[in-house]
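Note sheet for the following structure.
The figures here come from the full heavy-atom set of this structure, side chains too, leaving out hydrogens, waters and symmetry mates. Letters A, B, ... are given to chains in the order of the sequence lines, protein chains preceding strands, and every chain is numbered from 1.
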Amino acid sequence: MDFTIIAYAIPFLLTGAKTTLLISVFGVGLGLPFGILVALARTSRNRLVCTAADAYCAVFRGTPMLVQIFVIYYGLGQVGFFRSNPVIWWLIGDGLHAAILAVLLNTGAYTAEIFRTAFLSLPRGLIEAAEACGMSPWIILRRIKFPLALRQALPSYSSEVAIIVKESSLASTIAVLEITGWAKRLMSETFAIMDIFIITSVFYLTLNVVGLTALKLLERQLWFERRSTRRKATSLCPS
Amino acid sequence: MFETIWLLVVEQGWGLALLRGAFVTICIGLVGMMIGLIAAVPFAIARWQRVPVLSQMIDVYSIVVRGVPGLLVIYLLFFGSVDWVQKIAVAFGYRDTAESAYPSIIGILAIATISCAYSIEVMRGALEAVPNGLLEAAKSLALPRSVAFFRITLPLALRLALGGINNVWQMTIKDTSLVSIVGMQELMRMAAIAAGITRSPLLFYCIAASLFFAMTAVSQTLFGLAERHINRGFSGG
């Protein structure tokens, strides 16, 4: 290990880490609600909505992320309508925006799959009980289905977060310099391949560990809440 | 519009080039996956038996490779090996062969390295999930350890691992697209070349996407059949 190379590489990798973090934060922050919406669409009774959401998930889960990012960045720009529409052009014309859009659409499909299985695994009796109480579908979703499904889905979703951080590396293929893009540039500049690889992995592993720890804390929070309410409930009715 | 598509895909022969690329993709995926899986079995056994030192080293390998993007692993293998591959090739006088075959070999190795790390976890999980009672029964019948392993543990573990292997395969076939970045002539690279020459990226990347989709869909169906076959007699269990 050559420490001058490491000292030289770290500032560049830190700027890259900012971009990686930006893409990942958008991927999680927008991808999670989007994925939940798609999951709801897939479990809905409307045939058309259900088929459309199923098709979206199948396509984005069945093709590599690299193809998706290329179709969005290089392919869609070819269509005249997308070029003339300022909103769409803002989304796909810039490398960073296109990368965020691709990560968002990709993670949306996987998140939808996670939440769909979580929604399907909910006990039927609970929902029937809520319906019997006269709750509206929206209230059932907000107060019964969603909190329970979130607990079910959180462990699988945390591995999805790690995947988002890794997938954001593909932004480097459309000339957005994030950690992997900088690592490639540094590798061809300094020829210290192994050293650069080691520090870059440290960056990625740190990001993953931070993300996974945050989700584990959230998981524990949700679990604790359930336990404390149960304790409150038992203390309310004297045995 | 259809005329231009027909012209580009059929008459200029790009469709055939993409199909050839798809074939290369399947080959890289299969060979890489096979190497990864075969290497993963002894590694997984070492981790399962908790062999000191070796099992920690395997742990580090698997955590690092699963924690960093596939692209970075590919860069490491490509840039890290250019130097000594060239030296070896020149020393043995195979310079031309090495230069033409080099991307394929390193590409397959990179895919194998990535899929192996995931396969280790799958195999280890499967080995640990084999019920202990069966192993004790084998021991009480005084079966030699190797017989007990090859006739009882491994077949049962393979059945449990099939679902995980399916996931690793889906990921591997999608990871092969990354090898195109360093210049291997597979589906993605062909699509990029076609897109660059004909200036119609939308068409060719969409064709590439549908070819990838067809590959994953077909292999998903095959794995479904294999799963049904391997689970016969286990219904409900």
- Message: Just so I know, are the side chains of A:L66 and B:F212 near enough to count as touching, which here means a heavy-atom distance under 4.5 Å?
- Response: no

- Between A:L205, A:T63, A:V59, which residue shows the highest count of heavy-atom pairs closer than 4.5 Å to chain B? A:T63

- Please lay out, stage by stage, how B:L178 and A:L170 fare under the test side-chain contact (heavy atoms from CB on, under 4.5 Å). CA-CA 9 Å; B:L178 300 179; A:L170 292 179; 3.3 Å; yes

- Query: Side chain, backbone, both or neither: which part of B:A217 has a non-hydrogen atom closer than 4.5 Å to chain A?
  - Reply: neither

- Under a 4.5 Å heavy-atom cutoff, which of B:G70, B:S177, B:A195, B:A192 has the most pairs with chain A? B:S177

- Task: Dump the intermediate steps for side-chain contact (heavy atoms from CB on, under 4.5 Å) on A:F197 and B:V64, then the final yes or no.
- Result: CA-CA 10 Å; A:F197 177 80; B:V64 168; 4.2 Å; yes

- Message: Show the nearest heavy-atom pair for residues A:N208 and B:G67, with the distance to one decimal.
- Response: ND2-O, 3.1 Å

- Per-residue contact mode, A:V79 against chain B (heavy atom under 4.5 angstrom): side chain

- Query: Checking heavy atoms, do the side chain of B:S200, its backbone, both or neither come under 4.5 Å from chain A?
  - Reply: both

- Is B:R66 atom CZ crowded by more than 12 heavy atoms from other residues, nucleotides or ligands, each under 6.0 Å away? yes

- Item | Segment of A:A162 engaging chain B (4.5 angstrom heavy-atom cut-off) | neither

- Item | Pairs of heavy atoms under 4.5 Å with chain B: top-ranked of A:G77, A:P64, A:S168, A:S169 | A:P64

- Query: Atom CE in A:M187, atom CZ in B:F79: separation rounded to 0.5 Å?
  - Reply: 7.5 Å

- Task: Flag the one option from B:I173, B:L76, B:T216 with the top tally of heavy-atom pairs under 4.5 Å to chain A.
- Result: B:L76

- Task: Measure the spacing between CD of A:Q78 and OH of B:Y205 and express it to the nearest 0.5 Å.
- Result: 11.0 Å

- Item | Under 4.5 Å from any heavy atom of chain B - which part of A:S188 | neither

- Quick one: which residues of residues 14-23 of chain B reach chain A at under 4.5 angstrom, heavy atoms only? none

- Message: At a 4.5 Å cut-off on heavy atoms, which part of B:L72 comes close to chain A: side chain, backbone, both, or neither?
- Response: both

- Query: Quick check: are there more than 12 heavy atoms from other residues, nucleotides or ligands sitting under 6.0 Å from CZ of A:F26?
  - Reply: no

- Quick one: does B:L71's side chain get under 4.5 Å of A:S172's, heavy atoms only? yes

- Side-chain donor/acceptor of B:K174 to backbone N/O of A:R61, under 3.5 Å: yes

- Got B:M188 and A:F70 here, is their nearest side-chain heavy-atom distance under 4.5 Å? yes

- Message: Looking at every heavy atom in both B:F213 and A:A58, which two are closest together, and how far apart are they?
- Response: CE1-O, 3.2 Å

